[in-house]
Amino acid sequence: MAMDESVRKAVLSAVPSLRAFAISLCGNVDRADDLVQETLLRALANIDSFQPGTNMSAWLFTILRNHFRSEYRKRRREVEDSDGHHAESLKSQPDQYGHVEFREFREALAQLPSDQREALILVGASGFSYEEAAGICGCAVGTIKSRVNRARTRLAELLHVNSAEDFGPDETTRAVLASGE
Amino acid sequence: MEAAATRNKRTNSKPAKLGRDVQARLGQQLRAMYDEVVNQGVPDRFSELINRLNGNEKKDDH
C-alpha cells in the first residue's frame, strides 16, 4: 500500500527538525543522521500505526527518542559516564556543527543530564507544548516542566549568566540585540 | 527571531532566580543553534530514502 501523499509530505517536512533534535541528543552530526535514517525506516515500516490527524512530528520524535535511548543504554555498557562522553565528543569535534559561534552554548548544553537536555530542546527549540513533550518522553507534564526549569537554571550557571548583560560578546547575540534596540 | 529580539528589549534585569530576560536570552540562543540545523532543510539522502521506500512498498520482507 503506497503512502498517502499528505503523509509523505508530513514525514518529509519533519526531517529538518528531527535532525536538529538528533544532533542535540547525540552531539555528533554523522551519528545523528544515522539516527534519523533509522527513525525514518522504522516509521515508514510502521506507518499504519500512525493515527491520521495526530501530530506526525511528535510521532517521529517519539520513535527517534526511544531508539536513541535504547542505543544509548547499549553504549553505556561500553562507555561509562555517557554524559561526560557526550561533552568530550563535542570538544574533540568543534566544527561538527559548521559554526563555532554556539560552541560555548553547546558545550554547556552537553553537560546537562540527558533528560533535562531533551526536555529543554523539545519545549524551547522544537516548539512542542509541555503536553506533547511529555507524550514524547513518556512522562508526566509536571516532570517535563521541572526538567525544563532545572535545565534553564543549570545552563545559566554553566554560562555564568545572572542577568542578560552577562551574556558575553557573542556575535549572534550582539547582532540580535543591535537589531532589536 | 524578531519576536525574540523584541522580547529582549525589556532588559530591566533583576538578579532574582532566573529573570525573564535571562530565560529569553537562553531560549533565543537555543533556538538559533537549533534553527541553524533546521535551515539546512532536508538532505538528499532523506528525501531519496522516503521516495524510494514509498515506491518500493510492494516488497515488504520486513
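In what follows, every heavy atom counts, from backbone to side chain, and hydrogens, waters and symmetry copies are set aside. Proteins come first, then strands; the chains are lettered A, B, ... in the order of their sequence lines, and each starts at number 1.
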statement: Honestly, the part of Ser13(A) sitting under 4.5 Å from a heavy atom of chain B is neither
- prompt: Can you tell me how far the CE atom of Met33(B) sits from the CZ atom of Arg103(A), to the nearest 0.5 Å?
  reply: 14.5 Å
field: Side chain proximity check, Leu12(A) to Asn51(B), heavy atoms < 4.5 angstrom
entry: no
query: Where on Asn149(A) is there a heavy atom nearer than 4.5 Å to chain B: the side chain, the backbone, both, or neither?
result: neither
- line: Rounded to the nearest 0.5 Å, the CZ atom of Arg25(B) sits from the CG atom of Leu155(A) at a distance of 14.0 Å
message: Minimum heavy-atom separation for Val22(B) and Ala156(A), please, with both atom names.
response: CG1-CB, 4.3 Å
query: Are Leu26(B) and Leu120(A) close enough that some pair of their side-chain heavy atoms sits under 4.5 Å apart?
result: no
- line: Under 4.5 Å to a heavy atom of chain B? For Val36(A) that would be both
statement: Between Tyr34(B) and Phe21(A) the two heavy atoms that sit nearest each other are CE1-N, 3.7 Å
Test item: Leu109(A) and Leu30(B) side chains (from C-beta on) under 4.5 Å apart, heavy atoms: yes
- prompt: Is the count of non-hydrogen atoms from other residues, nucleotides or ligands lying under 6.0 Å from Gln51(A) atom CD greater than 12?
  reply: no
- line: Residues Phe46(B) and Leu40(A): closest non-hydrogen pair is CD2-CD1, 3.7 Å
Arg19(A) vs Val42(B) side-chain heavy atoms within contact, under 4.5 Å: no
message: Could you report the tightest heavy-atom contact between Val38(B) and Ala20(A), atom names first, then the distance?
response: CG2-CB, 3.9 Å
